[in-house]
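Following: one structure in structure tokens, then a few remarks.
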2 protein chains.
Amino acid sequence: MPASPPSLDSFDLAILAILQRDNTTPQRLIGEAVNLSAPAVQRRIKRMEQTGVIAGNVALVEPAAVGQPITIFVEVELESERTELIDAAKRQFSAAPEVQQCYYVTGEADFILVITVADMGAYEALTRKLFFDSNNVRKFRTFVAMDRVKVGLTVPLPD
Amino acid sequence: MPASPPSLDSFDLAILAILQRDNTTPQRLIGEAVNLSAPAVQRRIKRMEQTGVIAGNVALVEPAAVGQPITIFVEVELESERTELIDAAKRQFSAAPEVQQCYYVTGEADFILVITVADMGAYEALTRKLFFDSNNVRKFRTFVAMDRVKVGLTVPLPD
DNA sequence: AATCCTGACGAAACAAACTTGCATTTCGAG
DNA sequence: CTCGAAATGCAAGTTTGTTTCGTCAGGATT
């Protein structure tokens, strides 16, 4: 819930750049880096959390370490693009824990999914559940990741 | 650098489940949730960070709030798949701040990129830099995200 | 069977970080 | 130039994170 139209100055952006890399950095160090006192840093962080500029604070888990070594991309094309069916698909994809990311896109596909699974058997079962059991999926194309070259949700920040 | 073969018990998994949702949760509360003392929680977290199970601790920034409202997927197909050229492409894609994620994949494409930009002009400039100026890109397909239905790097954890 | 060693735990003491209150400063509008 | 809103720094208070230390359980050795 963005509480208000946020407008970020260079202090905020500098703070974000740090937190986006490591949000365990003490406010004292952030303050030294951006030339602000720790409380000032703290107030800015809180405000950005409340306004939604900072959407969350999370630990990144290595999939392979928890038995989910396979990352898969899927382009999904629907039969019908009726609003109601689109929304139903969004809800179904979102509900699946294996679906890490889901985007509704323009172009030759309707959805792009990023999926994390333990093995291809699990993926096969998931496709059955998400695609074949749905009557609204015309086709889908699968891309298996051989190398997660760069992974993150880091956003480029203006200077 | 994973220091050793990690093996996670149900305590570790329960802790991970919490941290990957909100890593600002106090260790005391985590302890209550999983039935451990705060120091025990703390030791397990540190170990998972050192062994690479926890790959990072980051704040998630809302792209639209920092002037990067457009998310784009790109499937890239190379001319040559010589190892050296593949590696060069990995390095070039990784180096671009606009490239949030880069995967080397099997299937009808060689790479899939997730890109964040301010506007289509910026994307056009980026394609010029990454694809046209490279002599090794045969073609690429662009998908513009209309809705970021589900975004995150949350990994499903075993029970 | 007794012993030693290793690894993990909890309680308490300790250190560090976060948070709040308040006086002061800054900055833009009138 | 003056005023007021908003942000700042400092200092105190609170919460959290970290270390220490004594205990216990399991496994291997003697």
Side-chain angles (χ1 to χ4, degrees), chain A residues 1-62 65-67 154 157-159, chain B residues 1-62 64-67 153-154 157-159:
Chain A
M1 342 264 131
S4 67
S7 74
L8 308 175
D9 61 18
S10 64
F11 287 114
D12 292 317
L13 294 173
I15 292 170
L16 284 179
I18 293 172
L19 292 182
Q20 176 168 236
R21 206 167 51 80
D22 179 7
N23 73 347
T24 68
T25 310
Q27 298 170 353
R28 176 178 51 86
L29 293 182
I30 300 176
E32 291 174 10
V34 306
N35 284 325
L36 235 47
S37 69
V41 171
Q42 135 88 352
R43 284 185 282 257
R44 285 169 178 271
I45 293 175
K46 179 188 283 186
R47 188 178 36 154
M48 290 192 285
E49 283 171 347
Q50 287 173 163
T51 57
V53 177
I54 295 176
N57 288 283
V58 303
L60 302 180
V61 175
E62 182 62 37
V66 292
T154 307
L157 299 174
D159 318 303
Chain B
M1 305 282 136
S4 68
S7 75
L8 307 175
D9 61 17
S10 65
F11 287 113
D12 292 317
L13 293 173
I15 293 170
L16 284 180
I18 294 172
L19 292 182
Q20 98 175 315
R21 207 168 48 81
D22 178 7
N23 73 348
T24 67
T25 311
Q27 297 171 352
R28 177 179 50 86
L29 293 182
I30 300 176
E32 291 175 10
V34 305
N35 285 325
L36 276 177
S37 68
V41 171
Q42 137 89 344
R43 284 186 285 257
R44 285 167 178 273
I45 293 174
K46 179 187 284 186
R47 184 168 41 119
M48 291 192 285
E49 284 172 346
Q50 286 173 165
T51 57
V53 177
I54 295 177
N57 287 284
V58 302
L60 302 181
V61 174
E62 183 61 38
V66 292
L153 294 174
T154 306
L157 299 174
D159 319 304

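Quick caveat, the model's predicted, so the values are computed rather than measured. In the text below, chain A, chain B and the rest are named by the order of the sequence lines, each starting its count at 1.
- Remark: P of dC18(C) and CG of N23(B) are 12 Å apart, rounded to the nearest angstrom.
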For L29(B) and E32(B), run side chain to side chain contact (heavy atoms under 4.5 Å, CB included): C-alpha distance rounded to whole Å, both residues' side-chain angles, the deciding distance at 0.1 Å, then the answer. CA-CA 5 Å; L29(B) 293 182; E32(B) 291 175 10; 3.9 Å; yes
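- In this structure, V58(B) and R21(A) approach most closely via the heavy-atom pair CG1-O, 3.7 Å.
- For N23(B), the side chain to side chain donor-acceptor pair (under 3.5 Å) test picks out N23(A), N57(B), with sequence neighbours left out.
- By the 4.5 Å heavy-atom criterion applied to side chains, L36(B) and R43(B) are not counted as neighbours.
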Pairs under 3.5 angstrom, nitrogen or oxygen only, protein versus nucleotides 14-17 of chain C, please.
unit_1  : atom_1 : unit_2 : atom_2 : d
dA17(C) : OP1    : R28(A) : NH2    : 3.1
dA17(C) : OP2    : R28(A) : NE     : 3.3
dA17(C) : OP2    : R28(A) : NH2    : 3.4

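- Nearest heavy atoms, A14(A) versus V34(A): CB-CG1, 3.6 Å.
- Contacts between residues 30-47 of chain A and DNA chain D, defined by a heavy-atom separation under 4.0 Å, are made by L36(A), S37(A), P39(A), A40(A), R43(A), R44(A), R47(A).
- Separation of atoms CD1 (I15(B)) and CD1 (I54(B)) is listed at 8.5 Å; rounding is to 0.5 Å.
- Side-chain contact check for L16(A) versus L8(A): some heavy-atom pair is nearer than 4.5 Å.
- What you find for E62(B) and A55(A) is that their closest heavy atoms are OE1-CB, 4.1 Å.
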